[in-house]
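The next block holds one structure in the form of structure tokens; read it before the comments.
As the structure lists them, so they are numbered: ligands from 1, and atoms in each ligand from 1. Hydrogens, waters and symmetry mates are skipped; everything else that's a heavy atom, side chains included, is used.
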Amino acid sequence: MKNSIEYLKSFYRTPVTPESFFLSLEGIEGSGKSTQIKHLEKILTDKGYRVLTLREPGGTEFGEKLREAILKSSTPLHPLAECHLFLASRAQLLEEKILPFLLVPKSVVILDRYIDSTMAYQGKARHLGLETVLELHRHDPLNLLPHRTYFLDITLETSLDRQAKRGQEKDYFESEKTEFYANLIDGYKEMARIFPERILTIDASKTPEEVSQVMALDLEKILA
Ligand SMILES: Nc1ncnc2c1ncn2[C@@H]1O[C@H](COP(=O)(O)OP(=O)(O)OP(=O)(O)O)[C@@H](O)[C@H]1O
Ligand SMILES: [Mg+2]
């Protein structure tokens with residue numbers, strides 16, 4: 001298992017984009033991704049970077065249609081069908097938006113969810129297996145990894161608590177059972193172990209200010 005993950009990792013790379021960076025935020029619902037992205041955008045804009053924030057699935061005209069197809073699906077999708085829809089959206093997003101934007105120096109693309117969510121949701125929680133999902137991503141351009149990923153780590157209890165306070169209707173994934181969420185959290189943690197040089201795990205049960213301070217300090221190092 002370990003060897004084959006190591007083998008699959010060898011197909012992955014970060015884009016070569018002088019002075020430009022590709023970042024992603026990961027974590028379960030309510031972990032604070034949207035909240036923290038606003039802070040990140042401000043920090044980076046103040047430093048003179050062009051910032052493009054995108055969400056997955058979606059971010060292109062075609063991708064937004066797929067987002068609807070997945071999140072509004074009235075029937076459960078086969079995990080492979082689900083996975084391929086996410087990958088189709090992602091390949092288009094890389095081609096149309098991410099890669100062209102990064103070609104201009106001093107640009108930052110921030111992704112609200114990326115490959116680690118697919119690994120956690122479809123790989124772990126939907127039981128396709130991390131290796132299968134890594135295998136599906138190994139061709140260009142899906143094999144491009146962010147320079148840095150912030151994994152906002154919270155417990156299921158904290159997630160449910162924040163979702164209840166936010167009070168929105170539950171979508172396709174939010175209606176899943178506790179076991180699904182336990183696997184999801186495990187999936188993110190496993191990814192953090194597989195890609196320790198890329199993924200920074202942050203205790204996101206802390207206050208928004210504390211979380212953004214950890215990210216700001218880390219960003220200083222990355223941008224330097
Ligand atoms: N560190 C924090 N402490 C307490 N509450 C927080 C914290 N971060 C975010 N929140 C609150 O929790 C809720 C969810 O946060 P947010 O929308 O940023 O999460 P998210 O990760 O983007 O969720 P989703 O995956 O559903 O989009 C919001 O009401 C937000 O104000
Ligand atoms: Mg959000």
Is there a donor-acceptor pair under 3.5 Å between the side chain of Ser212 and the backbone N or O of Gln36? no

Which atoms from ligand 1 have a heavy atom of Ala204 less than 4.0 Å away? 1 (N)

Check ligand 1 against Pro208 and write out every atom of the ligand that is under 4.0 Å from a heavy-atom position of the residue. 1 (N), 2 (C), 3 (N), 7 (C)

CD1 of Ile37 to CG of Asp112, rounded to nearest 0.5 Å, is 4.0 Å

Any heavy atom of Ser205 under 4.0 Å from ligand 1? The part involved is neither

For the Mg ion (ligand 2), decide whether Thr35 has an N, O or S atom at a distance under 2.8 Å. no

Looking at Glu64, I'd like to know if its CD atom is crowded, meaning that more than 12 non-hydrogen atoms belonging to other residues, nucleotides or ligands lie closer than 6.0 Å. yes

So is Arg162 polar-close to ligand 1, meaning N/O to N/O under 3.5 Å? yes

For residues Leu136 and Cys83, report the shortest heavy-atom separation together with the two atoms involved. CD1-SG, 3.9 Å

Are the ring centres of Phe22 and Tyr114 closer than 6.0 Å? yes

Side chain, backbone, both or neither: the part of Thr207 lying under 4.0 Å from ligand 1 by heavy atom: backbone

Sub-3.5 Å N/O-N/O distance, Gly30 and ligand 1: yes

Between ligand 1 and Arg113, can you find any atom pair, the residue atom being a heavy atom, that is separated by under 4.0 Å? yes

Tell me the nearest of Ser117, Ala164, Gly32 to atom 19 (O) of ligand 1, using heavy-atom distances. Gly32

Does a side-chain N-to-carboxylate-O contact under 4.0 Å join Arg193 and Asp186? no

Considering only NZ, NE, NH1 and NH2 on the basic side and carboxylate oxygens on the acidic side, decide whether Arg138 and Glu135 come within less than 4.0 Å. yes

Do any heavy atoms of Lys206 fall under 4.0 Å from ligand 1? yes

